[in-house]
Amino acid sequence: QVQLVESGGGSVQIGGSLRLSCAGSGYIYSSASMGWFRQVPGKEREGVAALNSGGFGTYYADSVKGRFTISRDNAKNSVYLEMNSLKPEDTAKYYCAAAISTWTPAATWFGGYRFNYWGQGTQVTVSS
């Protein structure tokens, strides 16, 4: 069974930094592209960053380019999102996602990858 568990969320002041982590299990982690999404109440979930299985191809939403960095450690089955220069509009629940070749009826495309497995999310709140 595929499991994705996020950690590292919290409250931070404007301009601050946070690092989110996501640990994956139940699948061949090194073969999956990974991503981060976020959602605020009343809005659709949006893609933030994606990274291919090799760890060298990244894709970012325009709103976070230059401020967020996605990375992965395949030896630890983990993906990370380093968030710097945080703004109030970054406040959201952040979700880790995996693009796994196993067929699932529901999926979301982002950065050229079909994400079909999700974690439970971790809240990030940015305030003054």
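Computed from a prediction, not measured in an experiment: that's the story for all the values here.
- The two atoms that bring S85 and S17 nearest to each other are N-OG, 4.4 Å, heavy atoms only.
- With a 4.5 Å cut-off on side-chain heavy atoms, K93 and T122 do not count as touching.
- Rounded to the nearest 0.5 Å, atoms OH (Y80) and CG (L51) are 12.0 Å apart.
- The closest side-chain heavy-atom distance from T91 to V124 is not below 4.5 Å.
- Between the side chain of Q39 and the backbone N or O of A92 there is no donor-acceptor pair closer than 3.5 Å.
- Figure legend: R38 and Y95 shown without cation-pi pairing, the cationic atom not lying both under 6.0 angstrom from the six-membered ring centre and within 45 degrees of its axis.
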Q: Mind running ring pair (Phe, Tyr, Trp, His ring centres under 6.0 Å) on Y27 and Y117 for me, showing each step along the way?
A: CA-CA 11 Å; Y27 63 102; Y117 288 91; 7.4 Å; no

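- Looking at residues two or more places apart in sequence or on another chain, you find no ring pair (Phe, Tyr, Trp, His ring centres under 6.0 Å) involving Y113.
- Within the 4.5 Å cutoff, no side-chain heavy atoms of V79 are placed close to those of S71.
- The pair D90-K87 does not meet the salt-bridge criterion, since no charged nitrogen lies less than 4.0 angstrom from a carboxylate oxygen.
- Criterion: ILVMFWY side-chain heavy atoms under 4.5 Å apart, direct or through other members. Under it, Y60 and W36 are part of a common hydrophobic cluster.
- Within the 4.5 Å cutoff, the side chain of V12 has no heavy atoms near those of the T125 side chain.
- Using cut-offs of 30° and 60° on the angle between ring planes, the pair F68 and Y94 is tilted.
- To the nearest 0.5 angstrom, E46 atom CD is 5.5 Å from S63 atom OG.
- Distance OG1/T104 to CH2/W118: 10.0 Å, rounded to 0.5 Å.
- Evaluation of the side-chain hydrogen bond (donor to acceptor under 3.5 Å, both in side chains) rule for S11 yields no partner, not counting sequence neighbours.
- Using a 4.5 Å heavy-atom threshold, the side chains of S21 and S7 count as touching.
- The cluster map of Ile, Leu, Val, Met, Phe, Trp and Tyr, joined by side-chain heavy atoms under 4.5 Å apart, puts I100 and I70 in the same cluster.
- Residues passing the ring pair (Phe, Tyr, Trp, His ring centres under 6.0 Å) test with Y59, sequence neighbours excluded: F110.
- Residue M83 is not grouped with residue V40 when hydrophobic side chains (ILVMFWY) are merged at heavy-atom distances under 4.5 angstrom, including chains of intermediate members.
- Among residues at least two apart or in separate chains, there is no disulfide (SG to SG under 2.5 Å) pair with a member in residues 40-69.
- For the atom pair CD of E44 and OG1 of T108, the computed distance is 9.0 Å after rounding to the nearest 0.5 Å.
- N52 places a side-chain N or O within donor-acceptor distance of the main-chain N or O of G57, the cut-off being under 3.5 Å.
- Note on L20 and M34: same hydrophobic cluster, where clusters join Ile, Leu, Val, Met, Phe, Trp and Tyr whose side-chain heavy atoms are under 4.5 Å apart, directly or indirectly.
- L18 is not listed as a side-chain neighbour of L81, based on a closest heavy-atom distance of 4.5 Å or more.
- There is no side-chain donor-acceptor pair under 3.5 Å between D73 and S78.
- Listed for the N116 side chain is a donor-acceptor partner under 3.5 Å among the backbone atoms of T102.
- Residue pairs that meet the disulfide (SG to SG under 2.5 Å) test with at least one member in residues 91-128, sequence neighbours left out, are C22-C96.
- Residues N74 and S53 share a closest heavy-atom pair of ND2-O, 3.5 Å.
- Considering every non-hydrogen atom in both G35 and F115, the closest pair reads N-CE2, 3.3 Å.
- Among residue pairs with one or both ends in residues 30-76, none qualify as disulfide (SG to SG under 2.5 Å); sequence neighbours excluded.
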